[in-house]
Every structure is written in structure tokens, then in C-alpha cells.
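Working notes for the structure below.
Sequence lines set the chain letters: A, B, ... in the order given, protein chains first and strands last, and positions in each chain run from 1.
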Amino acid sequence: MPHLYLVDGSGYIFRAYHRLPPLTNKHGEPVGAVYGYTTMLWRLADDLHKADGPTHMAVVLDKSSHSFRNELYDQYKAHRPPPPEDLVPQFPMIRDATRAFSLPCIDEAGWEADDLIASYAKAALAQGWQVTIVSSDKDLMQLVEDGSLDMLDTMNNRRIGSAEVFEKFGVPPNKVGEVLALMGDSVDNVPGVPGVGPKTAAKLIQEHGDVEAVLAAAETMKKGKLRDNLIEHAESARISRKLVELACDVPLPDALEDLELKGIPDAPLRAFLEHHGFKSLLAKLGTGASAADAPVETPDVAGMPDPDPDPPCDHDGYETVTDPERLDHWVQIARHQGFVAIDTETTGLDATRAELVGVSLALAPNLACYVPVGHGGTDMFAEKPVQIDRDVLVDKLKPLLEDPSVLKIGHNLKYDMIVLGRLGISVAPYDDTIVMSFDLDAGLHGHGMDELAATHLSHSCIAYKDVTGTGKKAIGFHEVDLKAATRYAAEDADVTLRLWRRLKPRLAFEGSTRVYEMVDRPLPAVVAGMEMHGIKVDADILARLSADFSQQIAALEEEIHGIAGFKFTIGSPKQLGEVLFDKMGIKGGRKGKSGVYSTDVNELERIAADKDSPGREMVVKVLDWRQLSKLKSTYTDALQAQINPATGRVHTSYSLTGAQTGRLSSTDPNLQNIPIRTEVGRQIRDAFVAEPGNVILSADYSQIELRLAAHIADVPQLREAFERGDDIHSMTAQELFGTVDRDTRGRAKTINFAILYGISRWGLAGRLDVTPDEAQAMISRYFERFPGINRYIADTLQEAKARGYTTTLFGRKTHFPRIKAPNPNERAGSERAAINAPIQGTSADIIKRAMTRMGPALADAGLGHVRMLLQVHDELVFELPEGDVAAATKVIRRVMETAAEPAVRLSVPLGVEIGTGPSWGAAH
DNA sequence: TGAATCACG
DNA sequence: GACGTACGTGATTCAA
């Protein structure tokens, strides 16, 4: 069956003009509306091949501003301002664009485009055709008929059928004219009835059927303003009814059959696109791929005509959005454009607790706005500034942020995703400029927005503290006045967008697309989920430990002071050093550069091991005191304070860009350094518990860095040992010392780690308590037995010096700008780090991939209740229903063991050890 | 704010 | 011949 598409070109031009940034082409002609129009036609042309796509198509335009309606009512469209100056030259270009697509362009003097559309629609329907009107004009909604005529709003990619019409007007399509007549239209200057808006009009028509019936019933209505207005303005209502009526019998300038689509010839289209420099569309034309085949997630900014890159930030040009309709406006441009930068402002730094204060959006440089929703302080009764209701913002923003065809751009989006996630919004797809910067420039500089703006845009951002103040006088962002808040917040979105335009093309150009797409890009969403979920911590267990530690600390303190003969601050390394080395005369005190004796563990253990030292007794107690103080202050006390009272759980924050090698880091609190190595410390892990009926599951990669070293350096002996499942440290001991016992295995283990960290004979000598010469002999022997290792070290160093960076198996770069430093100490430090980075970094890449795949893999296996809670570099911690343990273990092991594949094929297997229990401690 | 110390992988 | 002794993190405390 023929399917006719009627494109409301005139309506589209105005909307596109107002919703798109003011672009110009290389000839300096304004083309914003033309660009929007062209991409819209392109998308329509894509539907050509679809089953329900068009067989016939025409673009309908207004010819002149005069129509029969001016005869009916001389004020019709009287107050309409002339079109904007830079839109006028675009009208003829729209006709060019239409011709470039070889589409018929229909206009007729004396008729509006709406009348022509209505007439063509009726004619087509009479022949039994399908009709789609490409427009979102409310007047045209009268024409909708279920099953035969619908509308397509290309700005929102939304089909409008009678259900949508009913939702908008409260009446079926054939009554829309009645409603429009009563409510009037200020833009077209259709008078309607004063005091009657969409709601009242809909109610009246629902009750009475049509305008005449409403007017007739007016006399019988209860007395009031409405009744008076209906009686007084009855004539105006009748005129309005005629004005909104569409003419359906206009003689058709072209016959229906002539509108048949015969394909779109390349040449004229190409010429048109080239004239305007619409590169992204040209590219699609060139490869013969249709627009639908192109990735919608990453709009080609390079293809946007943009002769004026990065003007300085115009803080006073940012809009404060306090009117819901203005918000709609911004959202619609964003949806049409296909990308938008976003930033949220909140009451605090902890995303899992902070309240939303406002959201800023940016569409192009200097085209940014701020939408306040939570300003006005915490006092419930205080007067608040005019602003949009938070729930309204959520309703209006959610469709945009979840629209799969609109790319959301943020800087450290993980934060915004948590804040928005708590309001029921998920953000996808997205690009994160902090992650992009990290993947490009790790090791060169930090990745905070202010630093990147200074580095890449030569722009110094408004400092947060300039807006809120510092120290005790600091106020929350919700207390900042809207003007200052807009300048600050909109600038953040503006800068984010500008950074994105700089960084995005660099990814491909500099070979970092792989690691960005395959490893890091998905992480903000995954990690946001983990942070939001948190892990349950039993405050009672911690409180008991705190009390216990307290007692022991007090007792030790007394004993230590007793031995010294006076009181001093044990926690002060300065005082402790003086007590030990000056007052008590212990020998061998070493002063650091600040003139303070070193009193670290190594030093104290050296004293404790010396049977003749007078300080033995005290030093042993100090070591105990230190351990308990550390555990109490850093863990048992601090952790209790970190429990979120709303959730009863602890929500750490992971930094995706904190560790140069690609690892995550954890803060507030750091859950990646919870004690495990000593029995006392280990008890703290028992406080990390599962909810009733659930268990904690811990899965960790066994020896992942050594396995990766075996693969990367290609060491056959190590590879084979891992394949056989041998104890790798015993095997190393056998190779190095010819015998395996506790001592040699321990030494071999130390050497194995030393290799990964970039070894020095002195470092190893210190660890193993041997002379540097003996240490050197062991290193030499190691290189001899595992010849791949020194080749790896030499190659890595050479590459790091030649290129300035190292890479992981997934292409992650870590830069080492100091690797050629003249200071040998500095240089040697960089060299060791460079040796370690590819191994530590590849391990980080692999577990990150496992994390990304874990959620979907568990869901596929029907294990939706299994939650991933923590990552500790080579370990993932889960919480799950007891009954799911067996099934989940299988999935988790499979995902982790195969996480490198298929991008990287390892020559060693990855081993994963899994344990479960009521607490994290018990799961190990 | 930096140094020292120590918790983790 | 000096350098000054393992990679990557974060939190706490003291003292300036």
C-alpha cells in the first residue's frame, strides 16, 4: 500500500532555527536551520527501505504570509515578528536542500503549508493510502486518524497517534479544532475566548461536543467569569473556529502519483553537502552506508560547521532556567543535536548523600544554562528563589538522559550518575572527559576540570571557593545566589563540552580509543552502581574492637612511659626518636633529611631483634602501641563514623583516575586497605557483613601480576608452571637455590615481587637481609633462569625513553616525563615505575573488564540479586542470597578468567580463588 | 601543609 | 663517583 510522507518544512525551519546553535558554513552563511533540516531529511530517507517507510514523499512550504485567513480576520498573525535576520537567507537554502534530495517541494500562493498538507492528506486517504505528517504542529493534529494517518515528530523521534493527541488535548483528533478555537493562540493571534486555556477548553468540549454547543450552553452555566466571557466573546470564538479549520480541498499543484519516491541520486546531494561543508553527512554518503549504520553515540563534531572554535567563556551569557518551558526548549535542542554536556551541583562532596541543587547543560561553546532546583538554604520556612520544582526537572530531564540517541558528556560523570541515579535517572550513553583525559595523558598531569581547562583551553575556571567561600564561613552551594551559581555551574558544563571537543578526536589519533572503549568508558556506570549499593558494616563489632583496643593502648602507654621515666607523645616520631636514641642511648639511630630519627617498623624491629639493646622492651611495646592506634583511629573508629545512617552501609568512593597505572583507588573511606595481614587487624574484616539470608563472596585473581609478567615477558618456565598449576614461588626457589623449604620459598617470593617492581641490588639486599653483592648474584641468576625478564626490562625502558610512555596489553598509556631526568635518583625512580606499569596496568585493565561484564553476565544467568560491592585491585567482593552461591560462583569465575578475551589472548591461564562466608573476613 | 608512618594489592 | 635504595595507593597524626 502506498505510504505518503508529508513534511512540514516551514514548521521545521523555525523550530530548528531556535533549537540549534547558530552555525555558519565555510562561506560565512548562517546554516544552523539548514543543517538541522538536512539531517532530518537524511533520517527520513533512511526509512525508505523499511517496511512501513514512505513510498511517496513531499516537502510542503509556505509561499507567502497571506492566506484566506487574513480575509476572515485582519488581525490574523498580525503580531508575528518578522523572521530573524539570519534565518531569512536560509529559506531559499531549504528549497536547495529539498531539491538536493530530489524531493518535490510544494507551495501555493494564498494557502498555508498546513492547508496543503491537509488537502494532500485527505486526497491520499480517499485513495486508501497511509499518510504520515512529519511535523509537531498542534494544528495538524486535527488530521490524525488511527490506522491511517499519524504524525512524526523528528525532533523527539516520536510518533503521534490519536492516543498522543488525546493526551495533549484531552479530546480525540476530530475535536482538536474545537479546543484550539476556544483556547486561541497568541503566536498566530487567534483570539479564542479570554480566560480559557487548554484545560478549560478541553473540559468544555468534552462536556458539550463543539464550540457552537459550548456557546449555546453558556447561558445555563453557573454565574462567573467563564460564563461572561463565553457570552461576550462568542463571535470571537466562532471566528477562531474558522481560523483553525484546515482547508482540505485546495487544488493539488502536483498529482499524488508524482510524489512517488524513486531513490535519491548521489550527485546533487553530494554537491549540496560539499557546498556547505557538512562533513559528517558527506562521510556517510561516501561509504554508501546509511545514516542508521553510523554510530549514533558519538556524533562527529568535526563534521559540524564551526568556524568559530572556542570563544572565551561568556559568563553573563549563560541562562538561568526557572521556567519549565525554557527547560523544554533546552532539552529539545539537546535531543535534536544528539549530544549535550551536563553537570550537577549538590549540597556536598559525597554523592551518596548530597542533595541535588541544580543541573547545568551545555550545547555549544557559550550556549549553556543552569537549572536551579534546590536553592534557598535549609530553612523550610525561609523564602526560596523562583526555581523549577525538583520533580519537574527530573521528569523533563529523564527522557533526555536516558535517550539512546543522545550522548551525554560529563566530567567525572560517576558523581552525577550517583546523584541522578538516586532520583531514578540512569544516564546513557555517555562520554566522560575525566576518563578520556586519563586515557590520553596519565602521568603528565592531573585530570581535574580546572587543570584541564588551564592546560587545553588556557582558561581559568571560576573557583568553587570563590562562589561558596572557604573555611568556617563557607556556605553550601544551595545558599549561593542564582546569578553567581549560574556563572559557576553553567561554566562547568560549557568547559566540559569544550574539553570533549578537544579530547574526543585525540583518542583515535593517539591510539587510545581501544583502552577507552574496551576498558574505561563503561566504568563510571558500573562503579557508580557499586558505590550506591555500599557494603553493610556492623557497628557493634567495630565498637567492641574500639573499646578493646582502647584498653590495650592505655595499658601500653602507661608501661612505655614507665620505662622512659616520664610522659611523652608516643605518636610523635620526633619525640619517640629522641627518647630512644638520645635519652636511652640506643645505638644506630639514623636521621632523615628533616633531622628526625627514623622510627619506622624496620628500624624498631632491628632494635627489637638486637638482644643486647637496652631499648628492646620499650620498642616491642611501641610497635604494639602503633599497630593498635592505627587500627583504632583509621579503622574501628573511622569506619563507624562512615556508616550512612540512611542505608546502614558504607559507601566508599572510587577514583577512576587516581592511580597512574590504571588502577582504581578508594577514598572516604579507603576500603582497599582494610587489614588482613595480621590476626589483630583481620578482625576488622569480620565487621563487613552480609544482610540476613545473604553471604559475602570474595573472588580474587591468584598471582595475576606474575602470570601477566610471564605472558608479557614471555618466560616459558613461568608459563608452563602456571599451566601445570604449580606453586610459583616454590618453583622459583627450586630454580634459584636448587632446593625448596620455608626459607628459600620465602626468599623466592620476595624476589618474584621485586622483579615486578623494578629491582635494585640494594633494595633486594635490604629486604632479604643479605649484602648487595649477594643480592646481585640472585638477580643475575634469576635473569639467567628466566631470560625473558631482562629482555622485557630492557625493551620497556627503551620504549619508555623513546616515546615517553609505556603501554599495557590493552593499549593503556602511562607517561613518564621524568624518565630522562638528569638527576639519577629521579630517573631511576621513573625507570622502576615504568617497568612495573605495563604489568600492574594490564592487571587493572583485566579486572575492569570483568567488572563491566559481571552485571550483564549475572543477569543473563538469572542471578540479578547478586550484587558486586567492592574491588580491591585483584579481588571482587559480592553480596548474594545464600542459595545463589553455587550458580554465582560459576558465572563469576568464568567472567573473571575470560576477562581479557577476545581482545587479548593470554598464553597463561588466569586463576580465580573464591570463598564465601557471613562476613568479608570469613569469605577469605 | 608536609613529613612520617602504616594499612592494602 | 654520587645518588641512597621496590611498584601503586589513602588516612591519620604531629608539628610547623
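- Using C1' as the reference atom, dC3(C) and dT5(B) are 24 Å apart when rounded to the nearest Å.
- When heavy atoms are screened at a 4.0 angstrom cut-off, Arg626(A) is found touching the sugar-phosphate backbone but no base atom.
- With both ends at atom P, the span from dA6(C) to dC6(B) equals 15 Å, rounded to whole Å.
- Ring centroids of Phe568(A) and His561(A) are separated by less than 6.0 Å, placing the two rings close together.
- The phosphate of dG9(B) has OP1 or OP2 within less than 4.0 Å of a side-chain N or O from Arg677(A).
- One donor-acceptor pair, N or O on each side, does fall under 3.5 Å between the base of dA6(C) and the side chain of Arg767(A).
- Nucleic acid contact for Leu671(A): none, since no nucleic acid atom lies under 4.0 Å from a heavy atom of the residue.
- Taking atom CG of Leu797(A) as the reference point, atom P of dC7(C) lies 13 Å away to the nearest angstrom.
- For the residue pair Glu913(A) and His924(A), no side-chain donor N or O sits within less than 3.5 Å of a side-chain acceptor on the partner.
- Residue Asn670(A) is classed as a sugar-phosphate contact, given heavy-atom separations below 4.0 Å to backbone atoms only.
- Between Thr599(A) and the phosphate of dT5(B), there is a side-chain N or O to OP1/OP2 separation shorter than 4.0 Å.
- No side-chain N or O of Asp773(A) forms a donor-acceptor pair with one of Thr771(A) less than 3.5 Å apart.
- Of all nucleotides listed (dC7(C), dA2(C), dT5(B)), dC7(C) comes nearest to the side chain of Gln840(A).
- Backbone-only contact: Ile674(A) has heavy atoms under 4.0 Å from sugar-phosphate atoms and none from a base.
- Where Leu764(A) and Leu664(A) each meet DNA chain C at their nearest nucleotide, the meeting point lying more 5' is that of Leu764(A).
- A donor-acceptor pair shorter than 3.5 Å can be found between the side chains of Thr732(A) and Asn752(A).
- For Lys630(A), the listed nucleotide lying nearest its side chain is dG10(C); candidates were dG10(C), dG8(C), dA2(C).
- Between Ser572(A) and dA15(C) there is a side-chain polar atom (N or O) within less than 4.0 angstrom of OP1 or OP2.
- Base pairing annotation: dA2(C) forms no Watson-Crick or G-U wobble pair, as no partner gives both donor-acceptor distances under 3.5 Å.
- Among the protein residues, Pro675(A) comes within range of the sugar-phosphate backbone only, with heavy atoms under 4.0 Å from sugar or phosphate atoms but none that close to a base.
- Residue Thr814(A) is classed as having no contact, given no heavy-atom separation below 4.0 Å to the nucleic acid.
- At a threshold of 4.0 angstrom between heavy atoms, the contacts of Asp700(A) with the nucleic acid are absent.
- Phosphate proximity of dT12(C) to Ser633(A): absent, as no side-chain N or O sits under 4.0 Å from OP1 or OP2.
- Note on Gly658(A): only backbone sugar-phosphate atoms sit closer than 4.0 angstrom, heavy atoms only; bases stay farther off.
- Rounding to whole angstrom units, CD of residue Gln642(A) and C1' of dA7(B) are separated by 16 Å.
- We find that NZ of Lys632(A) is positioned 22 Å from P of dT5(B), with the value rounded to whole Å.
- DNA chain C is contacted by both Thr569(A) and Pro669(A); Pro669(A) maps to the nucleotide lying nearer its 5′ end (nearest heavy atom per residue).
- With P as the reference atom, dT5(C) and dG9(B) are 25 Å apart, rounded to whole Å.
- Residue contacts shown for Ser666(A) are limited to sugar-phosphate atoms, with no base heavy atom under 4.0 Å away.
- A close approach under 4.0 Å does occur between a side-chain nitrogen or oxygen of Asn825(A) and OP1 or OP2 of dG4(C).
- Here the P atom of nucleotide dT5(B) and the CD atom of Glu605(A) are 13 Å apart, to the nearest Å.
- With rounding to whole Å, Lys574(A) atom NZ is found 13 Å from dA3(B) atom C1'.
- The side chain of Ser665(A) lies closest to dT9(C) when the candidates are dT9(C), dA4(B), dT12(C).
- If you take CD of Gln627(A) and C1' of dT12(C), they are 16 Å apart, rounded to a whole angstrom.
- Looking at heavy-atom distances under 4.0 Å, Ala638(A) makes contact with sugar-phosphate atoms alone, never a base.
- Residue contacts for Gln575(A): at a heavy-atom cut-off of 4.0 Å it reaches the sugar-phosphate backbone alone, with no base atom in range.
- One atom, CD of Glu578(A), and another, C1' of dA15(C), lie 12 Å apart when rounded to the nearest Å.
- Among the protein residues, Gly571(A) comes within range of the sugar-phosphate backbone only, with heavy atoms under 4.0 Å from sugar or phosphate atoms but none that close to a base.
- When the P atom of dA7(B) is taken as reference, atom NE2 of His873(A) falls 16 Å away, rounded to whole Å.
- At the heavy-atom level, Gln660(A) lies under 4.0 Å from the strands shown only through sugar-phosphate atoms.
- Nearest to the side chain of Val872(A), among dG9(B), dA6(C), dG8(C), sits dG9(B).
- Using a 4.5 Å heavy-atom threshold, the side chains of Leu545(A) and Tyr635(A) count as separate.
- With hydrogens and angles left out, the side-chain atoms of Asn790(A) and Tyr782(A) include no donor and acceptor closer than 3.5 Å.
- For the pair Lys414(A) and Glu531(A), the salt-bridge criterion is met [side-chain N within less than 4.0 Å of a carboxylate O].
- No side-chain donor-acceptor contact under 3.5 Å links His651(A) and Thr352(A).
- If you check every strand for non-hydrogen atoms under 4.0 Å, Arg663(A) touches a base.
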